[in-house]
Amino acid sequence: MTLERPGRRLTVSLVASALGLSLATMTMSPLGLLAPIAALFSLVRGRAARLLFAILAAAVGCALLVALVDNDLRTQALSLTAFLAAAISIAAIVSASLPSPIPDALSPGTRDDAASRAASPLARVHPEDREAAEQAISRAFRSGIPQIITCRQRQTDGSYRNAEFRADAGYSVSVPVKPMVQTPDEPWTTAEELGETADAVRAAKVVEALHGAAFAFDPSGTFTYASPVAQTSIAMTLETLNRRLGEKSFMDGGDLGWKLGVHPDDYEAAAARLRTCLRTGEHFNFEYRVLRATGDYVWHQFAIRPTRTQDGRITGWYGLGFDIDVYKKTEAALREREKRLQQIIDTVPALIWCINPAGIPSYLNRRVTEVTGITLQDMIGPDGSRSLAVIHPDDREAMDAALTDSISTGKPLIARYRQRRADGQFRWVDSRAEPLRDETGAIVEWYGVSVDIEDLIATQEALRERERFLWQLVETLPAMIDCAAPDGEPVYRSQQLREFLGFGLDELDEAGKPRLAGTLDAGVHPDDVTSVREIYAHSLATGEPYARRHRLRRFDGAYRWVETRAAPMRNGDGDIVQWNVICLDIDGEVRAQDELRLARDRLARASQAASLAELSASIAHEVNQPLMAVVAYANACQRWLTVDPPNLERARGTVERAIDSATTAADVVSRIRSLFKHATDTRTATSLETVIMAARDLMAEEAARLSVRVDLRIEADLPIVTADRIQIQQVLINLMRNGMEAMETMPRGRAMDMRALRQGVAIRVEIGDRGPGIENPEKLFEPFFTTKQAGMGMGLAICRSIVESHGGRLWVEQNEPCGARFVFTLPAAPLVAP
């Protein structure tokens, strides 16, 4: 058994990695890292290599995405993309120079199905030598060192012949070749054959060491050879590959057994191309998916070339198949990522464009064309220069100057201008562009984006207009406005306040004194400044609103009363960010209040005098009523006595009524005396019916004199009331007399009705007349208001006061069909339990 030198590839990889890292450190460039990456790909195989390729491809996609969406990191992201692309290329070159990885199914002992056992080289090794072959394979897989042994191999006729058996770490197991030495079991082998066999062995070693699957077939398409890699990777022997699947030959449109190892979607195209090449002699280059022994379809690239005689006749075909599944998947992933990135660029809500280092547009995303209606050709003038026709004429010159400056200096472009839309309207856009530079710092491309800011511009203009409006509002308000910092120091004063004080904030700053202290010392009256400081300091410390009236010095030196109010303005966290102060000149109001206070004092004294006069009039009115009745009864008595013969009975009755009236007058005087002595009213449980009957009797003579008919209706079982009998009787007499006097001008139909009825828990009394009625019902009860020529205007006012003092109400209504109706209510006395 012969062994190769171990660890040579690992040593070379370590040395290359060290040199690459040193170069990257010294040059501060990532290019030196390509050496460690190449070394890594020289050591890994199979799935590990595919995983590394996928990671690098994903990193390229992420770097491209960052370059498109982040202006600040665009240059670094594009540099990283270029580095990763170079790494993928070098890794592909390194991997392509190495043999294909071994499928897991071909490792010793991993598959036990009949197809795998039949296709495996170990199946044709003599049973006595098979253990040594398996051990060689295991050593090769563990150590990575190729293993070569001599063993016996079964031939197609069933006999065994000595052959060389080679196992490489990570590679397919090679097929045994002809014996290299003469053996006693093979007496027919000659010296010439031995020499030819040696050449064949060397050629076979070269073929079987190739990266990929080697194979050959004759001009008819029948396989004549397949390398061990080819047979073991697809678990098919030559017999299986050449087995007819129908009666027709392959060239006649039939199918061979290798169809079973090709993806159904790819076979027809691959077979048709192969038939064409077999007929025409053209080179066969095709990619299709092959069924591996693992059961997976893997992309392969096949290259087949013919061999010809001197006269050009094709004698055979030789080909290689390479596993390109990783590249195909990486390519598909890159295409998919490129498609997705393009979709992002086309759908992002912004206009994305590129220009070359000379400033000529080189790319427009789809949204630019949709929004503006222009194409890339429209952005380039007839002479090949850039065209700014899409920009508003008033902004075109400034934009051209800004773009020219950025191109010449390499500074990022920042510009605002109006851009024409597809509908012909112009809208404001904000454009920004950053340069992409190569390793030398030279600008390769400019990447720009334009964002529609029409709404933003309109909003800003509206805000500016609103700010101007608010500023004018503050400056023109009929009040003095002041704004202060959280510590109370003024930061703004309106024009009216500046004009009132006669100095501004700048003058306080020039004096070298804090603004707040300077304002208080110069403006507030000396008698008020101490309290103002204390109250304002308390508000600043606690955040409570400030309100104070004090005297403030005007620019002419005069002190005027002002009312100052301050409230804190807070942020979202509740912290005070500013104090807003308003100061109102109330000097006129203060002086007017002083004058009003003096006027009120004078009015109070006059009111006292008026009250005394009113009281005198009230007393006169109360006493006058019974005295007039006494006089009337005395006159009546005199008439009854002077008639012939004298009517003594009538005279006696009249005298009794005169006595009652005199007694009533005496009671009125007693009530007034009690009032001055602060005595309480004499209120007892009284039947309102008896009071009404007594009042009617007292007014009977007056009614007869004026020819007034009095109709009385009293509801039965009226409740008792708690009242002063004399006062209620005076109310009834006053209301009856007013009604009778109102009908004096009526030629006939003088009638008065009196009613007393229950109304809930009260008693309702009505006295109606048929006079001319009332024009001002509400004024009728005001003191000193009267409709009589000789009246005092106190009777009804006193009546309302009496009724309301008893807990009732008195009002007047229009009587139907004419006249007035006075109504008052008195509450019924509460029932007392027996």
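Since we're looking at a predicted model, the values are computed, not measured.
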task = Might you work through the salt bridge (charged side-chain N to carboxylate O under 4.0 Å, His left out) test for Glu336 and Arg340, ending with a clear yes or no?
result = CA-CA 6 Å; Glu336 181 62 28; Arg340 186 173 181 182; over 6 Å; no

ask   = Got a sec, which pairs hit salt bridge (Lys or Arg N to Asp or Glu O under 4.0 Å) with one end in residues 353-369, sequence neighbours left out?
value = Arg366-Glu370

key: Residues that Asp452 engages under side-chain contact (heavy atoms from CB on, under 4.5 Å), provided they are two or more places apart   = Arg421, Arg427, Glu454

Euclidean distance, Asp487 CG relative to Trp579 CH2, rounded to 0.5 Å = 11.5 Å

query = Atom CD in Gln578, atom CE in Met569: separation rounded to 0.5 Å?
reply = 4.0 Å

request  = Decide yes or no on side-chain contact (heavy atoms from CB on, under 4.5 Å) for Ser801 and Ile798, but give the supporting numbers first.
outcome  = CA-CA 5 Å; Ser801 299; Ile798 294 172; 5.6 Å; no

key: N/O donor-acceptor pair under 3.5 Å between Asn580 side chain and Cys483 backbone   = no

note = Residue pairs meeting ring pair (Phe, Tyr, Trp, His ring centres under 6.0 Å), one or both in residues 410-448, sequence neighbours left out, come to His392-Phe426

key: ring-ring contact (aromatic ring centres under 6.0 Å, His included) partners for Phe500, two or more places apart   = none

request  = Name all residues meeting the side-chain hydrogen bond (donor to acceptor under 3.5 Å, both in side chains) criterion together with Glu397; count only those two or more places apart in sequence or in a different chain, and write none if there are none.
outcome  = none

key: Closest heavy-atom pair and its distance - Gly410, Pro435   = O-CG, 3.7 Å

message = Checking the side chain of Glu489 only, and the main-chain atoms of Arg515 only, is there a donor and an acceptor separated by less than 3.5 Å?
response = yes

ask   = Would a 4.5 Å heavy-atom cut-off, applied to side chains only, mark Arg437 and Val444 as touching?
value = no

request  = Indicate whether the side chain of Gln419 and that of Ser450 have a donor and an acceptor atom separated by less than 3.5 Å.
outcome  = no

ask   = So, are Arg591 and Asp587 salt-bridged, with charged N and O less than 4.0 Å apart?
value = yes

ask   = How far apart are the closest heavy atoms of Pro361 and Ile380, and which atoms are they?
value = O-CD1, 3.7 Å

query = To the nearest 0.5 Å, how far apart are CG in Asp438 and CD1 in Ile443?
reply = 9.5 Å

ask   = Any luck finding a side-chain donor-acceptor pair between Thr564 and His550 under 3.5 Å?
value = yes

task = Only pairs at least two apart or in different chains count here, so list each side chain to side chain donor-acceptor pair (under 3.5 Å) that has a residue in residues 401-411.
result = Arg386-Thr404

key: ring-ring contact (aromatic ring centres under 6.0 Å, His included) against Phe503, all qualifying residues, sequence neighbours excluded   = none

request  = Please tell me if the side chains of Met379 and Ile374 come closer than 4.5 Å, counting only heavy atoms from C-beta onward.
outcome  = yes

request  = Mind listing the closest non-hydrogen atom pair of Asp556 and Arg554 along with its distance?
outcome  = OD2-NH2, 2.7 Å

ask   = Would you call Val761 and Pro827 a side-chain contact if the rule is heavy atoms closer than 4.5 Å?
value = no

Side-chain heavy atoms of Asp482 within contact of Ser494, under 4.5 Å = no

request  = Answer whether the closest heavy-atom distance between the side chains of Leu413 and Met399 falls below 4.5 Å.
outcome  = yes

inquiry  = Looking at Asp575, is its backbone amide N or carbonyl O close enough to the side chain of Asp573 to form a donor-acceptor pair, meaning the two atoms are under 3.5 Å apart?
reply    = no

message = What I want to find out is whether Arg396 reaches Asp394 closely enough, with some N-O distance under 4.0 Å, to be called a salt bridge.
response = no

ask   = Going through the distances and angles, do Arg493 and Thr519 end up as a side-chain contact (heavy atoms from CB on, under 4.5 Å)?
value = CA-CA 12 Å; Arg493 279 177 180 164; Thr519 301; 2.3 Å; yes

inquiry  = Is it the case that the side chain of Ser387 and the backbone of Gly381 share a donor-acceptor pair, with hydrogens and angles ignored and the cut-off at 3.5 Å?
reply    = no

ask   = Of all residues at least two apart in sequence or in a different chain, which pass the salt bridge (charged side-chain N to carboxylate O under 4.0 Å, His left out) check with Arg565?
value = Glu563

query = Should Pro412 and Arg432 count as side-chain neighbours, where that means a heavy-atom distance under 4.5 Å?
reply = no

ask   = With side chains defined as the heavy atoms from C-beta onward, is the minimum distance between Ile582 and Ile481 less than 4.5 Å?
value = yes

query = Would Val449 and Leu351 count as a side-chain contact (heavy atoms from CB on, under 4.5 Å) if you check the C-alpha gap in whole Å, the side-chain angles of each, and the deciding distance to 0.1 Å?
reply = CA-CA 5 Å; Val449 60; Leu351 311 183; over 6 Å; no

inquiry  = Out of the candidates Asp528, Val590, Val532, only one should pair with Arg551 under the side-chain contact (heavy atoms from CB on, under 4.5 Å) rule; please name it.
reply    = Asp528

request  = Check whether any side-chain N or O of Asp430 sits under 3.5 Å from a backbone N or O of Arg416 as a donor-acceptor pair, and report yes or no.
outcome  = no

remark   = Between the OG1 atom in Thr375 and the CD atom in Gln377, the distance rounded to the nearest 0.5 Å is 4.5 Å

request  = State whether the side chain of Arg418 and the backbone N or O of Ile391 hold a donor-acceptor pair below 3.5 Å, judged by distance alone.
outcome  = no

key: Pairs satisfying ring pair (Phe, Tyr, Trp, His ring centres under 6.0 Å), at least one member in residues 338-386, at least two apart   = none

query = Which heavy atom in Ala422 sits nearest to a heavy atom in Gly373, and how many Å separate them?
reply = CB-N, 4.0 Å

ask   = side-chain hydrogen bond (donor to acceptor under 3.5 Å, both in side chains) with Arg533: which residues, sequence neighbours excluded?
value = Asp521

message = Within the 3.5 Å criterion, strictly below it, is a donor on Thr372 or Arg420 matched to an acceptor on the partner's side chain?
response = no

request  = Report the C-alpha separation of Leu540 and Ile576 in whole Å, then their side-chain angles, then the decisive distance to 0.1 Å, and conclude whether the side-chain contact (heavy atoms from CB on, under 4.5 Å) test is met.
outcome  = CA-CA 10 Å; Leu540 294 177; Ile576 297 176; over 6 Å; no

key: Over all atoms of both residues, closest heavy-atom pair of Leu376 and Ser362   = CD2-O, 3.6 Å

message = So that I can tick it off, tell me whether Glu461 and Arg464 are bridged by a salt bridge, with the cut-off set at under 4.0 angstrom between side-chain N and carboxylate O.
response = yes

message = Check whether Asn365 reaches the backbone of Val368 with its side chain - one donor and one acceptor, N or O, closer than 3.5 Å.
response = yes

ask   = Below 4.5 Å, heavy atoms only, C-beta onward: do Trp811 and Thr825 meet side chain to side chain?
value = yes

task = Might you point out which heavy atoms bring Leu552 and Cys583 nearest each other, and give the distance in Å?
result = CD2-SG, 4.3 Å

task = Give a yes-or-no answer on whether the side chains of Gln593 and Glu589 include a donor-acceptor pair shorter than 3.5 Å.
result = no

note = Contacts satisfying ring pair (Phe, Tyr, Trp, His ring centres under 6.0 Å) that involve residues 513-548 (not counting sequence neighbours) are His525-Tyr559, Tyr536-Tyr546

message = Once salt bridge (charged side-chain N to carboxylate O under 4.0 Å, His left out) is applied, do any residues pair with Arg466, and if so which ones, sequence neighbours excluded?
response = none

request  = Could you tell me the separation between the CZ atom of Arg560 and the CD1 atom of Ile586, rounded to the nearest 0.5 Å?
outcome  = 10.5 Å

Arg800 (side chain) donor-acceptor with Leu810 (main chain) under 3.5 angstrom = yes

